[in-house]
Amino acid sequence: NADAAMYHAKSSGRNNYKFYTADLNARAREILAIESQLRYAVEHNEFVLHYQPQVDIASGKIIGAEALIRWNHPSLGLLGPLHFIEVAEERGFIVQIGNWVIREACRQIAAWHAAGLPLITVGVNLSALQFRHQDLVQVLSNALAAYQLPGSCLDVEVTESVIMDDMDATIQTIRAIQSMGIRMSIDDFGTGYSSLAYLKRFKADKLKIDRSFVRDIPDDQDDTAITRAIINMAKNLNMQVVAEGVETIEQWSFLEEHGCDQVQGYLLAKPMAAELVEPLLRQETLRPPV
Ligand code: C2E
Ligand code: MG
Ligand code: MG
Ligand code: MG
């Protein structure tokens, strides 16, 4: 990629060449720095999981949470996944990081349960590399066994593009995952491939409507139409449907009115450290502020 950009830069003139090389060098240095620091982070366990509650619209009950990784960087502080997941994926660290995420989520679920809180389902995001890795099913089953949890405590989130990449392998992997009782969600639904044929070929448990569609409801005609269509399709195919990125009471009301099952978003709670989620789990319900 860098080579291609360099080639393009070279062919488009002397000044541009200088400009692009400076730019590329900066980017290359940045990637190198992140890469070596990431290696250290993996070895020294500098990651932490934050959790964002998912709530059943009708009852207000907290039915689970999504685990979202943060990097507790020694000098830069808490970094969100957008700062490092891509490099981690490119360099292959993501498999090791992702395996830690699965295990850590299981540890936390068990710890909450041991502290007298309800046994909840935690969603973990799987990267493409991780989803294609031959050890994935074993890693999932080992993590559940280590903390004596049923499969229903985990919900794996993958995007459409990951699913579409190699259908036959995808179907096998999803079957193996679901046969352990683990749920399977399609993340950022609607932003990936437009082909819906794959929804017939295996049964996902849940569709997560991408935040980009939720953002402008109920004002934007197109987004309301798309959101309603996704909700209806999910219902008709017997899947659960959750809206991501719900920030306003107007969005909540629209989603409730149109039969969306669950919501996740800043309106209810931001992703937060495990100890801050605990009181919410204790109270068991979470309703939008009035
Ligand atoms: P995602 O799986 O779609 O996660 C939802 C993202 O939306 C999270 O960003 C969350 O903080 C954010 N969000 C939730 N509610 C709201 C809201 O009401 N408003 C706004 N503006 N944002 C909201 P975050 O934590 O920065 O994660 C970004 C992405 O990084 C995730 O998107 C996921 O694709 C990836 N990611 C996070 N954790 C992991 C992980 O453990 N492994 C892998 N492979 N990817 C991860
Ligand atoms: Mg997700
Ligand atoms: Mg998403
Ligand atoms: Mg996303």
Side-chain angles (χ1 to χ4, degrees), residues 38 41-42 45-55 64-72 78-108 121-133 136 139-140 143 154-163 183-192 204-217 227 230 240-252 255 260 262-274 276-277 286 288-289:
L38 258 185
V42 172
N45 197 18
E46 291 178 349
F47 301 102
V48 55
L49 293 184
H50 280 193
Y51 297 86
Q52 185 177 37
Q54 297 175 331
V55 168
E66 178 172 8
L68 295 155
I69 195 169
R70 273 85 182 100
W71 176 8
N72 201 352
L78 214 56
L79 296 179
L82 302 180
H83 289 99
F84 63 91
I85 285 291
E86 209 179 304
V87 176
E89 174 108 4
E90 275 169 28
R91 293 294 177 257
F93 295 137
I94 194 68
V95 175
Q96 215 179 326
I97 296 173
N99 291 347
W100 174 82
V101 170
I102 290 167
R103 232 184 141 80
E104 172 60 14
C106 287
R107 190 200 59 74
Q108 188 60 66
T121 300
V122 167
V124 293
N125 294 282
L126 299 188
S127 79
L129 269 185
Q130 206 184 350
F131 187 72
R132 294 282 164 233
H133 200 282
L136 174 65
V139 167
L140 288 164
L154 285 181
D155 181 337
V156 299
E157 301 191 0
V158 287
T159 60
E160 292 162 282
S161 46
V162 170
I163 291 167
R183 316 272 168 75
M184 154 70 211
S185 295
I186 304 180
D187 206 352
D188 305 343
F189 186 76
T191 61
D205 298 282
K206 204 192 271 191
L207 295 185
K208 300 192 74 176
I209 308 174
D210 191 66
R211 179 154 57 89
S212 60
F213 301 121
V214 174
R215 189 173 47 222
D216 296 325
I217 55 175
T227 300
I230 296 175
Q240 297 246 290
V241 60
V242 49
E244 298 193 288
V246 176
E247 295 183 354
T248 70
I249 191 70
E250 288 79 16
Q251 292 164 346
W252 167 285
L255 292 161
C260 185
Q262 297 152 20
V263 294
Q264 186 184 336
Y266 293 174
L267 176 69
L268 294 166
K270 291 198 168 180
M272 47 198 168
L276 297 176
V277 184
L286 197 52

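Bear in mind that the values here come from a model prediction, so they are computed numbers and not experimental data. Start at 1 and go down the list; that is how both ligands and their atoms are numbered. Note that the numbering runs from 1 along the sequence shown for the chain. No hydrogens, no waters, no symmetry mates; every other heavy atom, side chains included, goes into these values.
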Quick one: does [X]'s side chain get under 4.5 Å of [Y]'s, heavy atoms only?
{"X": "Gln264", "Y": "Pro53", "answer": "no"}
{"X": "Ile69", "Y": "Phe84", "answer": "yes"}
{"X": "Ile102", "Y": "Leu126", "answer": "yes"}
{"X": "Gln108", "Y": "Tyr51", "answer": "yes"}
{"X": "Val158", "Y": "Met184", "answer": "yes"}

(request) To the nearest 10 degrees, calculate the angle at the Mg ion (ligand 2) involving OE1 of Glu157 and OD2 of Asp187. (result) 90°
(message) Report whether any nitrogen, oxygen or sulfur of Ser185 sits less than 2.8 Å from the Mg ion (ligand 2) (N, O or S, backbone or side chain).
(response) no
(request) Give a yes/no on ligand 1: does Arg70 have at least one heavy atom closer than 4.0 angstrom to it? (result) yes
(message) Tell me whether ligand 1 is touched by Glu66 - counting only heavy atoms on the residue side and a distance under 4.0 Å.
(response) yes
Shortest reach to [atom] by a heavy atom, considering only [options]:
{"atom": "atom 24 (P) of ligand 1", "options": "Pro81, Gly80, Ala88", "value": "Pro81"}
{"atom": "atom 10 (C) of ligand 1", "options": "Leu129, Val95, Leu68", "value": "Leu68"}
{"atom": "atom 45 (N) of ligand 1", "options": "Val162, Asp188, Asn125", "value": "Asn125"}

(request) Could you tell me whether the Mg ion (ligand 3) has an N, O or S atom of Asp188 under 2.8 Å away? (result) yes
(message) Within 2.8 Å of the Mg ion (ligand 3), is there any N, O or S atom belonging to Glu244?
(response) yes
With heavy atoms of [X] as the reference, note each atom of ligand 1 found under 4.0 Å away.
{"X": "Gly265", "result": "15 (N), 18 (O)"}
{"X": "Gln52", "result": "14 (C), 15 (N)"}
{"X": "Gly245", "result": "15 (N), 16 (C), 17 (C), 18 (O)"}
{"X": "Arg211", "result": "7 (O), 19 (N), 20 (C), 21 (N), 22 (N), 23 (C)"}
{"X": "Val101", "result": "41 (O)"}
{"X": "Glu247", "result": "17 (C), 18 (O), 19 (N), 20 (C), 21 (N)"}
{"X": "Pro271", "result": "11 (O)"}

Do the side chain of [X] and the main chain of [Y] share a donor and acceptor less than 3.5 angstrom apart?
{"X": "Glu160", "Y": "Gly190", "value": "yes"}
{"X": "Gln52", "Y": "Ala269", "value": "yes"}
{"X": "Arg183", "Y": "Gly123", "value": "no"}

(message) Among the N/O/S atoms of Glu66, which is closest to the Mg ion (ligand 2)? Give the atom name.
(response) OE2
Would you mind telling me if ligand 1 is within reach of the side chain of [X], the backbone, both or neither, using heavy atoms under 4.0 Å?
{"X": "Leu267", "result": "neither"}
{"X": "Ile69", "result": "both"}
{"X": "Gln130", "result": "neither"}
{"X": "Thr159", "result": "neither"}

(message) Could you report the tightest heavy-atom contact between Gln130 and Asn125, atom names first, then the distance?
(response) OE1-O, 3.9 Å
(request) Give the minimum heavy-atom separation between Val214 and Ala243, together with the two atoms involved. (result) CG2-CB, 4.1 Å
(message) I'd like to know if the side chain of Asp155 pairs up with that of Ser185 as donor and acceptor (distance under 3.5 Å, no hydrogens or angles considered).
(response) yes
(request) Give a yes or no on whether Glu247 atom CD has more than 12 heavy-atom contacts from other residues, nucleotides or ligands under 6.0 Å away. (result) yes
(message) Does Glu90 have more than 12 heavy atoms from other residues, nucleotides or ligands lying within 6.0 Å of its CD?
(response) yes
